[in-house]
Number of protein chains: 2
Amino acid sequence: MAPAKHVAEVPCCGPLVEHALDEADAVALAAVFAALGDPVRLRILSIIASQDETCSCNLEGPLAKSQPTISHHTAKLAAAGLISGERRGRWMWWRVVPEQLAALQACLAVVDPSRTVDPSGLDGVGPLEPAQGDG
Amino acid sequence: MAPAKHVAEVPCCGPLVEHALDEADAVALAAVFAALGDPVRLRILSIIASQDETCSCNLEGPLAKSQPTISHHTAKLAAAGLISGERRGRWMWWRVVPEQLAALQACLAVVDPSRTVDPSGLDGVGPLEPAQGDG
DNA sequence: CCTTTACATTGATGATCGTCGATGGTCATT
DNA sequence: AATGACCATCGACGATCATCAATGTAAAGG
């Protein structure tokens with residue numbers, strides 16, 4: 001089958017705080033985030049990103065998933081444009097697409113200080129404050 | 001009873017390329033990304049982020065969704081720690097949690113340029129056109 | 001206290017997703 | 001050519017999700 005599956009694009013090249021997202025853009029962007037919304041895929045991406053290239057056969061072991069499941073998840077990540085696969089002999093080698101991750105980062109950019117946001121609230125914004133209130 | 005809900009935290013304070021994600025961390029992180037994996041929630045977050053505070057009543061109109069649906073989505077975003085709600089009189093006011101977005105950004109941090117990323121293979125993949133002035 | 005307004009919750013339904021077993025195709029080896 | 005190894009796809013099942021109608025709960029006003 002042709003590997004020319006539709007690769008999801010990140011439509012929001014700027015922070016989403018600038019303006020309300022269009023519906024079409026929201027659908028496209030949500031598809032990319034949805035690809036990250038699974039623990040198995042997140043671990044796959046993590047494993048691939050931690051190395052230069054990763055063979056599919058190296059994913060089944062650590063993730064304790066069957067081969068079709070791994071293939072399914074890698075296909076989803078590839079459709080989201082987060083990884084790109086290359087076939088070397090019998091093995092499939094995956095690598096991350098840094099540009100796509102960078103694009104997601106841009107979408108998650110919070111409002112800059114120049115914007116009219118109460119500075120007192122953003123002053124102490126640094127690491128993650130353990131503000132969990134379950135108790 | 002609403003505040004008793006467990007607010008998801010981003011366990012991965014560093015880039016996920018550093019090492020393979022643990023399963024528990026992957027589950028927690030995936031929950032946050034899954035909250036962003038829906039177009040409606042993405043638009044809700046966008047609308048809230050584009051303003052200082054947003055009333056729930058201002059969301060049903062632009063999104064063309066029923067009130068329970070909006071409430072459901074805002075609750076999910078709040079459970080993911082992406083927004084935080086405050087009740088002022090009869091209205092519910094939502095605002096983003098910049099720390100959580102910043103934490104997600106950190107997780108999406110790609111490997112720094114010093115690492116060996118072959119740009120030749122990424123030349124033709126670039127969905128991101130740098131020509132995005134947006135202004 | 002009662003009415004109105006606004007948000008949260010419940011129950012139900014249709015759709016999507018994650019997972020696996022089975023099958024087919026492609027490449028390397030013999 | 002035959003065999004084995006490896007990956008993608010298909011079909012199916014169970015689980016989760018998104019959505020809405022109806023109802024409950026909390027706050028503001030007379």
Side-chain angles (χ1 to χ4, degrees), chain A residues 1-8 23 26-28 30-45 48 53-80 83-95, chain B residues 1-8 23 26-27 30-45 47-48 53-80 83-95:
Chain A
M1 228 15 168
K5 278 237 180 126
H6 179 257
V7 176
E23 169 134 17
V27 171
V32 181
F33 278 121
L36 294 173
D38 184 84
V40 176
R41 282 196 292 269
L42 222 42
R43 294 186 72 189
I44 289 177
L45 184 64
I48 294 177
E53 280 178 339
T54 305
C55 173
S56 289
C57 53
N58 291 338
L59 295 174
E60 306 177 20
L63 297 174
K65 297 293 175 185
S66 64
Q67 178 267 326
T69 298
I70 296 296
S71 180
H72 166 73
H73 285 308
T74 49
K76 272 225 164 189
L77 285 172
I83 63 176
S84 94
E86 181 188 354
R87 201 153 130 210
R88 274 195 202 169
R90 289 171 300 194
W91 288 273
M92 193 76 176
W93 293 86
W94 298 97
R95 51 192 305 183
Chain B
M1 245 26 162
K5 282 248 182 107
H6 180 258
V7 176
E23 168 134 15
V27 171
V32 181
F33 277 121
L36 294 173
D38 185 86
V40 176
R41 282 197 292 270
L42 222 43
R43 294 186 71 188
I44 288 177
L45 184 64
I47 291 175
I48 294 177
E53 281 179 337
T54 305
C55 173
S56 288
C57 55
N58 292 336
L59 296 174
E60 305 177 21
L63 297 174
K65 297 292 176 185
S66 64
Q67 178 268 323
T69 298
I70 296 296
S71 179
H72 167 72
H73 285 308
T74 50
K76 273 227 163 187
L77 285 172
I83 63 176
S84 97
E86 182 188 354
R87 207 151 123 203
R88 277 195 202 168
R90 286 173 300 195
W91 288 273
M92 193 76 176
W93 294 88
W94 298 98
R95 53 189 302 181

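Proteins come first, then strands; the chains are lettered A, B, ... in the order of their sequence lines, and each starts at number 1.
- In this structure, B:Leu63 atom CG and D:dT19 atom C1' are separated by 14 Å, rounded to whole Å.
- Backbone-only engagement by B:Ser56 is indicated by non-hydrogen atom pairs under 4.0 Å involving sugar-phosphate atoms exclusively.
- Direction of the helix axis in the helix from C:dC1-D:dG30 to C:dT30-D:dA1 shifts by 30° between the two five-pair termini, rounded to 10°.
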Shorter than 3.5 Å, N or O on both sides, protein versus nucleotides 24-30 of chain D: list them out with atom names.
from	atom 1	to	atom 2	distance (Å)
D:dA26	O3'	B:Arg87	NH2	2.5

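- Rounded to whole Å, the distance from CD on B:Glu60 to P on C:dT5 is 14 Å.
- Interatomic distance, A:Arg95 CZ to A:Thr54 OG1, rounded to the nearest 0.5 Å: 10.5 Å.
- Between the OG atom in B:Ser56 and the CZ atom in B:Arg90 there is a gap of 14.0 Å [rounded to 0.5 Å].
- Of the inter-residue distances, the one linking A:Glu53 atom CD with A:Glu86 atom CD reads 6.0 Å to the nearest 0.5 angstrom.
- Scanning all heavy atoms of the two residues, the minimum distance from B:Asp38 to B:Val40 falls at OD2-N, 2.9 Å.
- In this structure, the separation between CD1 on B:Ile44 and CG on B:Leu59 is 5.5 Å, given to the nearest 0.5 Å.
- Residue B:Trp94 forms a side-chain contact (heavy atoms from CB on, under 4.5 Å) with just one option from B:Leu45, B:Ile48, B:Ile47, and that option is B:Ile48.
- Considering SG of B:Cys57 and CE of B:Met92, their distance stands at 12.0 Å, rounded to 0.5 Å.
- Side-chain atoms of B:Thr74 come within 3.5 Å of backbone atoms of B:Ile70 as a donor-acceptor pair (strictly under, hydrogens ignored).
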Below 3.5 Å is the cut-off: list the nitrogen or oxygen pairs between protein and nucleotides 15-19 of chain C, distance only.
from	atom 1	to	atom 2	distance (Å)
C:dG18	OP1	A:Arg41	NH1	3.2
C:dG18	OP1	A:Arg41	NH2	2.5
C:dG18	OP2	A:Arg41	NH1	3.4
C:dT19	OP2	A:His73	NE2	2.3

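- Around CD of A:Glu23, the count of heavy atoms belonging to other residues, nucleotides or ligands within 6.0 Å does not exceed 12.
- Without hydrogens or angle criteria, A:Arg41 side chain to A:Ala34 main chain gives a donor-acceptor distance under 3.5 Å.
- Rounding to whole angstrom units, CD of residue A:Glu86 and P of D:dC7 are separated by 14 Å.
- Separating the CH2 atom of A:Trp94 from the P atom of D:dC6 is a distance of 17 Å, rounded to the nearest angstrom.
- The base of D:dA8 sits within donor-acceptor range of the side chain of A:Gln67, with an N or O pair under 3.5 Å.
- A 4.5 Å side-chain heavy-atom check between A:His73 and A:Lys65 finds every atom pair outside the cut-off.
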